[in-house]
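Basis for what follows: all heavy atoms, side chains included, without hydrogens, waters or symmetry-related copies.
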Protein chains: 2
Amino acid sequence: MYSLAEENYIKAIFHLQQQKKGAVSTNAIADSMETKASSATDMVQKLADKKVLSYVKYKGAQLTQEGRKTATTIIRKHRLWEVFLVDKLKFHWDEVHEIAEQLEHIHSTELIKRLDNFLGNPAFDPHGDPIPDEHGNFIKTEKKLLSQLKKTQFGVCVGVKESSPEYLQYLDKKKISIGTKINVLGKEFFDGSMVIEVGRDQFFISKKIAENLYVQTQ
Amino acid sequence: MYSLAEENYIKAIFHLQQQKKGAVSTNAIADSMETKASSATDMVQKLADKKVLSYVKYKGAQLTQEGRKTATTIIRKHRLWEVFLVDKLKFHWDEVHEIAEQLEHIHSTELIKRLDNFLGNPAFDPHGDPIPDEHGNFIKTEKKLLSQLKKTQFGVCVGVKESSPEYLQYLDKKKISIGTKINVLGKEFFDGSMVIEVGRDQFFISKKIAENLYVQTQ
DNA sequence: CATATTTTTTAGTCTAGACTAAAAAATATG
DNA sequence: CATATTTTTTAGTCTAGACTAAAAAATATG
(Lines give C-alpha, C1' and ligand atoms only; values in the text may rest on other atoms or scores of the structure.)
Protein backbone atom coordinates (compact mmCIF):
# COMPACT_ATOMS: atom_id res chain seq x y z
CA MET A 1 0.00 0.00 0.00
CA TYR A 2 1.43 3.30 -1.11
CA SER A 3 0.86 6.74 0.38
CA LEU A 4 -1.11 9.41 -1.43
CA ALA A 5 2.09 11.21 -2.39
CA GLU A 6 3.72 8.01 -3.61
CA GLU A 7 0.69 7.13 -5.73
CA ASN A 8 0.70 10.55 -7.33
CA TYR A 9 4.39 10.32 -8.19
CA ILE A 10 3.95 6.83 -9.65
CA LYS A 11 1.08 8.00 -11.82
CA ALA A 12 3.01 11.07 -13.01
CA ILE A 13 6.08 9.02 -13.90
CA PHE A 14 3.92 6.54 -15.83
CA HIS A 15 2.38 9.35 -17.87
CA LEU A 16 5.78 10.89 -18.55
CA GLN A 17 7.08 7.52 -19.75
CA GLN A 18 4.15 7.25 -22.16
CA GLN A 19 5.14 10.54 -23.77
CA LYS A 20 8.71 9.69 -24.60
CA LYS A 21 10.46 6.39 -24.17
CA GLY A 22 13.41 5.96 -21.83
CA ALA A 23 14.08 7.12 -18.30
CA VAL A 24 12.34 10.28 -17.07
CA SER A 25 14.40 12.97 -15.38
CA THR A 26 13.73 14.09 -11.82
CA ASN A 27 13.25 17.60 -13.22
CA ALA A 28 10.47 16.46 -15.54
CA ILE A 29 8.84 14.68 -12.60
CA ALA A 30 9.14 17.80 -10.44
CA ASP A 31 7.54 19.92 -13.17
CA SER A 32 4.63 17.59 -13.63
CA MET A 33 4.09 17.31 -9.85
CA GLU A 34 4.45 21.09 -9.44
CA THR A 35 7.12 20.63 -6.83
CA LYS A 36 10.88 21.23 -6.61
CA ALA A 37 13.51 19.02 -8.20
CA SER A 38 14.98 18.20 -4.81
CA SER A 39 11.65 16.85 -3.59
CA ALA A 40 11.33 14.72 -6.71
CA THR A 41 14.84 13.33 -6.20
CA ASP A 42 13.99 12.41 -2.60
CA MET A 43 10.82 10.61 -3.63
CA VAL A 44 12.44 8.83 -6.58
CA GLN A 45 15.14 7.52 -4.25
CA LYS A 46 12.49 6.27 -1.85
CA LEU A 47 10.50 4.60 -4.63
CA ALA A 48 13.69 2.98 -5.95
CA ASP A 49 14.27 1.45 -2.48
CA LYS A 50 10.73 0.09 -2.64
CA LYS A 51 11.41 -1.46 -6.08
CA VAL A 52 8.70 0.63 -7.70
CA LEU A 53 11.21 2.00 -10.16
CA SER A 54 14.83 1.79 -11.17
CA TYR A 55 16.85 4.91 -10.72
CA VAL A 56 20.36 5.82 -11.85
CA LYS A 57 21.72 9.04 -10.39
CA TYR A 58 21.71 11.88 -12.91
CA LYS A 59 20.08 9.57 -15.48
CA GLY A 60 16.46 9.41 -14.34
CA ALA A 61 13.82 6.88 -13.33
CA GLN A 62 11.94 4.03 -14.99
CA LEU A 63 9.01 2.16 -13.49
CA THR A 64 9.44 -1.56 -12.79
CA GLN A 65 6.74 -4.13 -13.55
CA GLU A 66 5.41 -3.48 -10.03
CA GLY A 67 5.42 0.29 -10.62
CA ARG A 68 3.56 -0.02 -13.91
CA LYS A 69 0.97 -2.29 -12.29
CA THR A 70 0.39 0.27 -9.56
CA ALA A 71 0.14 3.11 -12.08
CA THR A 72 -2.34 1.37 -14.34
CA THR A 73 -4.49 0.41 -11.36
CA ILE A 74 -4.69 4.07 -10.35
CA ILE A 75 -5.48 5.12 -13.92
CA ARG A 76 -8.12 2.39 -14.15
CA LYS A 77 -9.76 3.69 -10.98
CA HIS A 78 -9.57 7.30 -12.16
CA ARG A 79 -11.22 6.55 -15.49
CA LEU A 80 -13.90 4.25 -14.07
CA TRP A 81 -14.88 6.92 -11.56
CA GLU A 82 -15.05 9.46 -14.39
CA VAL A 83 -17.50 7.20 -16.20
CA PHE A 84 -19.54 6.96 -13.01
CA LEU A 85 -19.59 10.73 -12.55
CA VAL A 86 -20.67 11.40 -16.14
CA ASP A 87 -22.95 8.43 -16.86
CA LYS A 88 -24.64 8.07 -13.49
CA LEU A 89 -24.36 11.44 -11.76
CA LYS A 90 -24.75 13.42 -15.00
CA PHE A 91 -21.70 15.58 -14.55
CA HIS A 92 -20.39 17.18 -17.70
CA TRP A 93 -17.21 15.50 -18.88
CA ASP A 94 -15.09 18.59 -18.24
CA GLU A 95 -16.10 18.83 -14.56
CA VAL A 96 -14.98 15.44 -13.37
CA HIS A 97 -11.19 15.46 -13.39
CA GLU A 98 -10.61 17.00 -9.97
CA ILE A 99 -13.08 14.71 -8.23
CA ALA A 100 -11.65 11.64 -9.98
CA GLU A 101 -8.17 12.72 -8.80
CA GLN A 102 -9.45 12.14 -5.28
CA LEU A 103 -11.51 9.02 -5.96
CA GLU A 104 -8.61 7.25 -7.69
CA HIS A 105 -6.92 6.83 -4.30
CA ILE A 106 -9.72 4.87 -2.63
CA HIS A 107 -8.32 1.46 -1.75
CA SER A 108 -10.55 -1.56 -2.38
CA THR A 109 -10.18 -4.02 -5.22
CA GLU A 110 -13.68 -5.34 -4.57
CA LEU A 111 -15.07 -1.81 -4.96
CA ILE A 112 -13.45 -1.37 -8.36
CA LYS A 113 -14.57 -4.78 -9.52
CA ARG A 114 -18.16 -3.95 -8.61
CA LEU A 115 -17.99 -0.40 -9.95
CA ASP A 116 -16.69 -1.71 -13.29
CA ASN A 117 -19.61 -4.11 -13.45
CA PHE A 118 -22.14 -1.52 -12.39
CA LEU A 119 -20.97 0.73 -15.22
CA GLY A 120 -21.19 -2.08 -17.77
CA ASN A 121 -17.42 -2.68 -18.09
CA PRO A 122 -16.72 0.45 -20.13
CA ALA A 123 -13.67 0.46 -22.41
CA PHE A 124 -13.27 4.24 -22.56
CA ASP A 125 -13.65 7.13 -20.15
CA PRO A 126 -15.73 10.22 -20.97
CA HIS A 127 -12.67 11.89 -22.56
CA GLY A 128 -12.22 8.96 -24.92
CA ASP A 129 -9.19 7.57 -23.12
CA PRO A 130 -9.02 3.79 -22.80
CA ILE A 131 -9.63 2.20 -19.39
CA PRO A 132 -6.97 -0.42 -18.59
CA ASP A 133 -8.29 -3.83 -17.55
CA GLU A 134 -7.52 -5.34 -14.12
CA HIS A 135 -4.20 -6.68 -15.43
CA GLY A 136 -3.16 -3.22 -16.58
CA ASN A 137 -3.65 -3.90 -20.30
CA PHE A 138 -4.60 -0.85 -22.31
CA ILE A 139 -6.34 -0.86 -25.61
CA LYS A 140 -3.67 0.92 -27.60
CA THR A 141 -5.19 4.05 -29.06
CA GLU A 142 -4.11 6.75 -31.40
CA LYS A 143 -5.69 10.12 -32.03
CA LYS A 144 -6.67 10.64 -35.68
CA LEU A 145 -9.10 12.69 -37.71
CA LEU A 146 -12.30 10.81 -38.48
CA SER A 147 -11.47 11.35 -42.18
CA GLN A 148 -8.36 9.18 -41.77
CA LEU A 149 -10.38 6.09 -40.84
CA LYS A 150 -11.13 3.41 -43.41
CA LYS A 151 -14.34 1.51 -43.99
CA THR A 152 -15.24 -0.87 -41.06
CA GLN A 153 -12.90 0.94 -38.67
CA PHE A 154 -14.25 2.80 -35.66
CA GLY A 155 -13.14 5.56 -33.30
CA VAL A 156 -14.26 7.35 -30.17
CA CYS A 157 -14.80 11.08 -30.45
CA VAL A 158 -12.18 12.92 -28.38
CA GLY A 159 -12.35 16.47 -29.69
CA VAL A 160 -12.86 18.83 -32.58
CA LYS A 161 -10.45 20.67 -34.85
CA GLU A 162 -12.92 23.40 -35.73
CA SER A 163 -15.17 24.69 -32.96
CA SER A 164 -17.58 27.09 -34.65
CA PRO A 165 -21.08 27.13 -33.14
CA GLU A 166 -22.48 25.85 -36.45
CA TYR A 167 -20.23 22.80 -36.37
CA LEU A 168 -20.83 22.06 -32.70
CA GLN A 169 -24.57 22.41 -33.21
CA TYR A 170 -24.37 19.98 -36.10
CA LEU A 171 -22.55 17.47 -33.90
CA ASP A 172 -25.06 18.02 -31.12
CA LYS A 173 -27.95 17.37 -33.53
CA LYS A 174 -26.29 14.15 -34.63
CA LYS A 175 -25.73 13.17 -30.99
CA ILE A 176 -21.96 13.18 -31.36
CA SER A 177 -20.06 14.27 -28.26
CA ILE A 178 -16.87 13.36 -26.42
CA GLY A 179 -16.89 9.63 -25.85
CA THR A 180 -19.32 8.83 -28.65
CA LYS A 181 -18.36 5.76 -30.63
CA ILE A 182 -18.41 6.20 -34.40
CA ASN A 183 -18.35 3.28 -36.85
CA VAL A 184 -17.33 3.94 -40.43
CA LEU A 185 -19.74 1.90 -42.58
CA GLY A 186 -18.69 3.26 -45.93
CA LYS A 187 -16.31 5.72 -47.53
CA GLU A 188 -16.40 7.30 -50.98
CA PHE A 189 -12.98 7.82 -52.58
CA PHE A 190 -14.29 10.41 -55.02
CA ASP A 191 -15.22 13.11 -52.45
CA GLY A 192 -14.10 11.66 -49.10
CA SER A 193 -17.68 11.45 -47.85
CA MET A 194 -18.62 8.72 -45.39
CA VAL A 195 -21.54 6.76 -44.05
CA ILE A 196 -21.18 6.42 -40.32
CA GLU A 197 -23.04 4.80 -37.47
CA VAL A 198 -23.62 6.66 -34.22
CA GLY A 199 -25.57 4.72 -31.62
CA ARG A 200 -28.44 3.22 -33.63
CA ASP A 201 -28.43 5.94 -36.29
CA GLN A 202 -26.67 5.61 -39.62
CA PHE A 203 -26.14 8.64 -41.81
CA PHE A 204 -24.05 10.33 -44.45
CA ILE A 205 -21.37 12.96 -43.66
CA SER A 206 -19.26 15.12 -45.96
CA LYS A 207 -15.48 15.18 -46.00
CA LYS A 208 -15.58 18.58 -44.29
CA ILE A 209 -17.40 17.13 -41.31
CA ALA A 210 -15.03 14.17 -41.11
CA GLU A 211 -11.83 16.16 -41.21
CA ASN A 212 -12.73 18.36 -38.27
CA LEU A 213 -13.43 15.63 -35.75
CA TYR A 214 -10.72 13.93 -33.71
CA VAL A 215 -11.25 10.30 -32.82
CA GLN A 216 -9.21 7.86 -30.80
CA THR A 217 -8.64 4.46 -32.37
CA GLN A 218 -7.35 1.13 -31.10
CA MET B 1 -10.64 22.74 4.17
CA TYR B 2 -9.45 20.37 6.85
CA SER B 3 -6.80 17.68 6.61
CA LEU B 4 -7.65 14.00 6.74
CA ALA B 5 -6.43 13.78 10.34
CA GLU B 6 -8.40 16.86 11.36
CA GLU B 7 -11.58 15.53 9.76
CA ASN B 8 -11.22 12.23 11.59
CA TYR B 9 -10.75 13.95 14.94
CA ILE B 10 -13.76 16.22 14.33
CA LYS B 11 -15.93 13.22 13.50
CA ALA B 12 -14.73 11.27 16.54
CA ILE B 13 -15.39 14.21 18.87
CA PHE B 14 -18.87 14.65 17.41
CA HIS B 15 -19.71 11.00 18.06
CA LEU B 16 -18.34 11.17 21.61
CA GLN B 17 -20.46 14.25 22.29
CA GLN B 18 -23.57 12.35 21.09
CA GLN B 19 -22.91 9.64 23.67
CA LYS B 20 -22.75 11.82 26.74
CA LYS B 21 -23.40 15.52 26.99
CA GLY B 22 -20.71 17.97 28.00
CA ALA B 23 -17.06 18.36 27.06
CA VAL B 24 -15.17 15.26 25.93
CA SER B 25 -11.79 14.51 27.48
CA THR B 26 -8.63 14.29 25.43
CA ASN B 27 -8.22 10.76 26.78
CA ALA B 28 -11.60 9.71 25.42
CA ILE B 29 -10.65 11.23 22.06
CA ALA B 30 -7.31 9.41 22.09
CA ASP B 31 -9.05 6.10 22.84
CA SER B 32 -11.54 6.50 20.04
CA MET B 33 -8.82 7.55 17.58
CA GLU B 34 -6.56 4.72 18.75
CA THR B 35 -3.73 7.12 19.42
CA LYS B 36 -1.96 8.49 22.50
CA ALA B 37 -3.40 11.14 24.81
CA SER B 38 -0.55 13.52 24.00
CA SER B 39 -1.38 13.37 20.30
CA ALA B 40 -5.02 14.09 21.04
CA THR B 41 -4.07 17.07 23.20
CA ASP B 42 -1.92 18.46 20.38
CA MET B 43 -4.69 18.14 17.84
CA VAL B 44 -7.37 19.53 20.16
CA GLN B 45 -5.22 22.59 20.75
CA LYS B 46 -4.79 23.04 17.02
CA LEU B 47 -8.52 22.67 16.37
CA ALA B 48 -9.25 25.16 19.15
CA ASP B 49 -7.01 27.71 17.38
CA LYS B 50 -9.02 27.08 14.23
CA LYS B 51 -12.30 27.68 16.12
CA VAL B 52 -13.53 24.19 15.35
CA LEU B 53 -13.98 23.56 19.05
CA SER B 54 -13.65 25.18 22.44
CA TYR B 55 -11.09 23.70 24.74
CA VAL B 56 -10.35 24.32 28.39
CA LYS B 57 -7.14 22.74 29.67
CA TYR B 58 -7.80 19.64 31.77
CA LYS B 59 -11.54 20.03 31.13
CA GLY B 60 -11.95 18.75 27.59
CA ALA B 61 -13.27 19.87 24.20
CA GLN B 62 -16.65 20.84 22.73
CA LEU B 63 -17.34 21.40 19.04
CA THR B 64 -18.44 24.88 17.95
CA GLN B 65 -21.23 25.48 15.44
CA GLU B 66 -18.54 25.31 12.73
CA GLY B 67 -17.19 22.04 14.13
CA ARG B 68 -20.62 20.46 14.24
CA LYS B 69 -21.31 21.55 10.67
CA THR B 70 -18.07 19.94 9.52
CA ALA B 71 -18.82 16.74 11.46
CA THR B 72 -22.34 16.34 10.10
CA THR B 73 -21.15 16.94 6.55
CA ILE B 74 -18.63 14.12 6.94
CA ILE B 75 -21.26 11.83 8.46
CA ARG B 76 -23.68 12.74 5.65
CA LYS B 77 -21.08 11.79 3.08
CA HIS B 78 -20.20 8.56 4.89
CA ARG B 79 -23.82 7.42 5.07
CA LEU B 80 -24.71 8.42 1.52
CA TRP B 81 -21.74 6.46 0.20
CA GLU B 82 -22.85 3.47 2.27
CA VAL B 83 -26.23 3.61 0.60
CA PHE B 84 -24.49 3.74 -2.78
CA LEU B 85 -22.33 0.74 -1.96
CA VAL B 86 -25.25 -1.36 -0.77
CA ASP B 87 -28.06 -0.23 -3.09
CA LYS B 88 -26.10 0.21 -6.30
CA LEU B 89 -22.99 -1.94 -6.00
CA LYS B 90 -24.78 -4.70 -4.04
CA PHE B 91 -22.29 -4.87 -1.20
CA HIS B 92 -23.61 -6.45 1.94
CA TRP B 93 -24.29 -3.85 4.64
CA ASP B 94 -21.55 -5.21 6.90
CA GLU B 95 -18.81 -4.84 4.24
CA VAL B 96 -19.10 -1.14 3.54
CA HIS B 97 -17.80 0.66 6.59
CA GLU B 98 -14.11 0.66 5.73
CA ILE B 99 -14.68 1.86 2.17
CA ALA B 100 -17.07 4.60 3.34
CA GLU B 101 -14.40 5.72 5.83
CA GLN B 102 -12.30 6.61 2.81
CA LEU B 103 -15.07 7.99 0.60
CA GLU B 104 -16.32 10.35 3.32
CA HIS B 105 -13.20 12.50 2.80
CA ILE B 106 -13.79 13.24 -0.89
CA HIS B 107 -14.23 16.99 -1.21
CA SER B 108 -16.96 18.24 -3.55
CA THR B 109 -20.32 19.61 -2.49
CA GLU B 110 -21.65 19.17 -6.03
CA LEU B 111 -20.73 15.49 -5.91
CA ILE B 112 -22.70 14.93 -2.72
CA LYS B 113 -25.68 16.86 -4.01
CA ARG B 114 -25.77 14.69 -7.13
CA LEU B 115 -25.08 11.47 -5.25
CA ASP B 116 -27.94 12.21 -2.86
CA ASN B 117 -30.25 12.73 -5.82
CA PHE B 118 -29.01 9.65 -7.65
CA LEU B 119 -29.79 7.55 -4.57
CA GLY B 120 -33.27 9.03 -4.24
CA ASN B 121 -32.51 11.26 -1.23
CA PRO B 122 -32.39 8.44 1.30
CA ALA B 123 -33.17 9.25 4.93
CA PHE B 124 -31.32 6.28 6.42
CA ASP B 125 -28.14 4.41 5.72
CA PRO B 126 -28.00 0.60 5.38
CA HIS B 127 -27.41 0.26 9.14
CA GLY B 128 -30.59 2.21 9.89
CA ASP B 129 -28.77 5.36 10.98
CA PRO B 130 -30.29 8.65 9.83
CA ILE B 131 -28.52 10.66 7.11
CA PRO B 132 -28.23 14.34 8.09
CA ASP B 133 -29.51 16.81 5.48
CA GLU B 134 -27.21 19.42 3.90
CA HIS B 135 -27.76 21.76 6.85
CA GLY B 136 -26.65 19.08 9.28
CA ASN B 137 -30.13 18.33 10.62
CA PHE B 138 -30.61 14.78 11.77
CA ILE B 139 -33.88 13.00 12.06
CA LYS B 140 -33.71 12.30 15.77
CA THR B 141 -33.88 8.57 16.23
CA GLU B 142 -34.09 6.26 19.15
CA LYS B 143 -33.45 2.53 19.29
CA LYS B 144 -36.45 0.61 20.59
CA LEU B 145 -37.89 -2.87 20.43
CA LEU B 146 -40.53 -3.22 17.73
CA SER B 147 -42.93 -4.27 20.49
CA GLN B 148 -42.62 -0.80 22.04
CA LEU B 149 -44.10 0.92 18.98
CA LYS B 150 -47.72 1.97 18.89
CA LYS B 151 -50.24 1.70 16.07
CA THR B 152 -49.39 3.98 13.09
CA GLN B 153 -45.76 4.39 14.21
CA PHE B 154 -42.91 3.05 12.15
CA GLY B 155 -39.28 2.06 12.63
CA VAL B 156 -36.27 0.94 10.65
CA CYS B 157 -34.83 -2.44 11.57
CA VAL B 158 -31.36 -2.00 13.12
CA GLY B 159 -30.71 -5.31 14.81
CA VAL B 160 -32.01 -8.32 16.69
CA LYS B 161 -32.10 -9.19 20.37
CA GLU B 162 -32.25 -12.92 19.76
CA SER B 163 -30.17 -14.35 16.94
CA SER B 164 -31.14 -18.01 16.71
CA PRO B 165 -31.09 -19.43 13.17
CA GLU B 166 -34.84 -20.03 13.42
CA TYR B 167 -35.54 -16.39 14.19
CA LEU B 168 -33.17 -15.08 11.52
CA GLN B 169 -34.67 -17.44 8.95
CA TYR B 170 -38.14 -16.20 9.88
CA LEU B 171 -37.00 -12.60 9.33
CA ASP B 172 -35.38 -13.56 6.07
CA LYS B 173 -38.58 -15.20 4.86
CA LYS B 174 -40.51 -12.06 5.72
CA LYS B 175 -37.90 -9.93 3.92
CA ILE B 176 -36.91 -8.09 7.09
CA SER B 177 -33.26 -7.11 7.29
CA ILE B 178 -31.16 -4.20 8.51
CA GLY B 179 -32.57 -1.03 7.02
CA THR B 180 -36.03 -2.45 6.35
CA LYS B 181 -38.83 -0.02 7.19
CA ILE B 182 -41.63 -1.48 9.29
CA ASN B 183 -45.01 0.20 9.71
CA VAL B 184 -47.21 -0.82 12.61
CA LEU B 185 -50.74 -1.02 11.21
CA GLY B 186 -52.39 -2.53 14.24
CA LYS B 187 -51.65 -3.75 17.73
CA GLU B 188 -53.65 -6.06 20.01
CA PHE B 189 -53.52 -5.16 23.70
CA PHE B 190 -54.61 -8.62 24.81
CA ASP B 191 -51.54 -10.53 23.56
CA GLY B 192 -49.20 -7.84 22.21
CA SER B 193 -49.50 -9.17 18.65
CA MET B 194 -49.23 -6.75 15.75
CA VAL B 195 -50.12 -6.31 12.12
CA ILE B 196 -47.18 -4.78 10.30
CA GLU B 197 -46.34 -3.62 6.82
CA VAL B 198 -43.01 -4.51 5.24
CA GLY B 199 -42.55 -3.22 1.70
CA ARG B 200 -45.88 -4.06 0.03
CA ASP B 201 -46.64 -6.98 2.31
CA GLN B 202 -48.87 -6.79 5.36
CA PHE B 203 -48.93 -9.57 7.90
CA PHE B 204 -49.50 -10.60 11.49
CA ILE B 205 -46.66 -11.12 14.01
CA SER B 206 -46.71 -12.42 17.57
CA LYS B 207 -45.42 -10.51 20.60
CA LYS B 208 -42.41 -12.84 20.70
CA ILE B 209 -41.37 -11.77 17.21
CA ALA B 210 -41.87 -8.09 18.04
CA GLU B 211 -39.88 -8.07 21.23
CA ASN B 212 -36.75 -9.48 19.65
CA LEU B 213 -36.34 -6.92 16.90
CA TYR B 214 -34.64 -3.56 17.42
CA VAL B 215 -35.91 -0.66 15.38
CA GLN B 216 -34.79 2.93 15.14
CA THR B 217 -37.54 5.54 15.34
CA GLN B 218 -37.71 9.24 14.66
C1' DC C 1 -7.48 17.79 54.35
C1' DA C 2 -2.77 15.90 53.32
C1' DT C 3 -1.09 12.47 50.31
C1' DA C 4 -1.53 8.83 46.72
C1' DT C 5 -3.30 7.93 42.38
C1' DT C 6 -5.04 9.05 38.00
C1' DT C 7 -5.58 12.11 34.23
C1' DT C 8 -3.83 15.47 31.30
C1' DT C 9 -0.33 18.40 29.47
C1' DT C 10 4.37 19.66 28.20
C1' DA C 11 8.91 18.94 26.39
C1' DG C 12 11.55 16.73 23.34
C1' DT C 13 11.92 13.17 19.24
C1' DC C 14 10.83 10.98 14.91
C1' DT C 15 9.12 10.42 9.99
C1' DA C 16 7.09 11.82 5.52
C1' DG C 17 7.27 15.07 2.35
C1' DA C 18 7.88 19.57 1.34
C1' DC C 19 11.52 23.62 0.90
C1' DT C 20 16.21 26.59 0.03
C1' DA C 21 20.97 26.98 -0.80
C1' DA C 22 25.11 24.91 -2.00
C1' DA C 23 27.72 21.25 -4.20
C1' DA C 24 28.50 18.07 -7.78
C1' DA C 25 27.86 16.08 -12.20
C1' DA C 26 26.52 16.41 -16.95
C1' DT C 27 26.25 18.98 -21.06
C1' DA C 28 27.10 22.89 -24.17
C1' DT C 29 30.19 26.08 -26.27
C1' DG C 30 34.11 28.82 -27.95
C1' DC D 1 39.04 20.02 -24.89
C1' DA D 2 38.95 23.55 -21.08
C1' DT D 3 35.48 26.34 -19.16
C1' DA D 4 30.70 28.14 -18.70
C1' DT D 5 26.15 26.76 -18.13
C1' DT D 6 22.57 23.74 -16.97
C1' DT D 7 20.81 19.87 -14.55
C1' DT D 8 20.68 17.09 -10.65
C1' DT D 9 21.81 15.84 -6.03
C1' DT D 10 23.02 16.70 -1.23
C1' DA D 11 22.80 18.95 3.16
C1' DG D 12 20.19 21.21 6.22
C1' DT D 13 15.29 23.15 7.63
C1' DC D 14 10.38 23.17 8.35
C1' DT D 15 5.54 21.40 9.38
C1' DA D 16 1.91 17.96 10.46
C1' DG D 17 1.00 14.46 13.19
C1' DA D 18 2.59 10.72 15.52
C1' DC D 19 5.43 8.99 19.82
C1' DT D 20 7.78 8.54 24.92
C1' DA D 21 8.97 10.27 29.27
C1' DA D 22 8.43 13.63 32.66
C1' DA D 23 5.80 17.29 34.84
C1' DA D 24 1.67 19.27 36.42
C1' DA D 25 -3.06 19.33 37.61
C1' DA D 26 -7.18 17.05 39.09
C1' DT D 27 -9.34 13.61 41.76
C1' DA D 28 -9.67 9.87 45.14
C1' DT D 29 -8.78 8.13 49.65
C1' DG D 30 -7.47 7.26 54.48
B:K11 bridged to B:E6 by N-O distance under 4.0 Å: no
Phosphate contact (D:dT10 OP1 or OP2) by A:K57 side-chain N/O below 4.0 Å: yes
Aromatic plane relationship, A:F84 with A:W81 - under 30° parallel, 30 to 60° tilted, over 60° perpendicular: perpendicular
Nucleic acid contacts - residues 24-35 of chain B versus DNA chain D, non-hydrogen atoms under 4.0 Å: B:T35
Nucleotide of D:dA18, D:dC19, C:dA18 approaching B:S38 most closely (side-chain heavy atoms): D:dC19
List every contact pair, protein side and nucleotides 2-4 of chain D side both N or O, where the distance is under 3.5 Å.
none

Short side-chain N/O contact to D:dC19 OP1/OP2 from B:S39, under 4.0 Å: yes
Side chain to side chain donor-acceptor pair (under 3.5 Å) between B:E7 and B:H107, worked out: CA-CA 11 Å; B:E7 288 197 349; B:H107 290 286; 3.3 Å; yes
Contiguous Watson-Crick or G-U pair runs (3 or more, under 3.5 Å) in DNA chain C: C:1-30 with D:1-30
B:Y58 side chain near C:dT10 phosphate (N/O to OP1/OP2, under 4.0 Å): no
B:K88 charged N/C atom sitting above B:F118 aromatic ring, 6.0 Å / 45°: yes
Quiz item: cation-pi between A:K161 and A:Y214, 6.0 Å / 45°: no
Criterion side chain to side chain donor-acceptor pair (under 3.5 Å) on B:E66 and B:T64, from CA distance to verdict: CA-CA 5 Å; B:E66 160 66 17; B:T64 59; over 6 Å; no
C:dT20 phosphate, OP1 or OP2, under 4.0 Å from A:K36 side-chain N/O: yes
Distance, rounded to the nearest Å, where A:M43 contributes CE and C:dA16 contributes C1': 8 Å
A:I131 vs A:F124, side-chain contact (heavy atoms from CB on, under 4.5 Å): CA-CA, chis, key distance, verdict: CA-CA 5 Å; A:I131 299 173; A:F124 296 93; 5.6 Å; no
Distance in angstrom units between B:Q45 CD and C:dA11 P, rounded: 10 Å
Rounded distance (Å) that lies between atom P of C:dC19 and atom CG of A:D42: 10 Å
Ion pair check, B:E104 and B:R76, cut-off under 4.0 Å: no
Cation-pi geometry met for B:R68 and B:F14 (6.0 Å, 45°): no
Atom-pair distance (OH on B:Y55; P on C:dT7), nearest Å: 16 Å
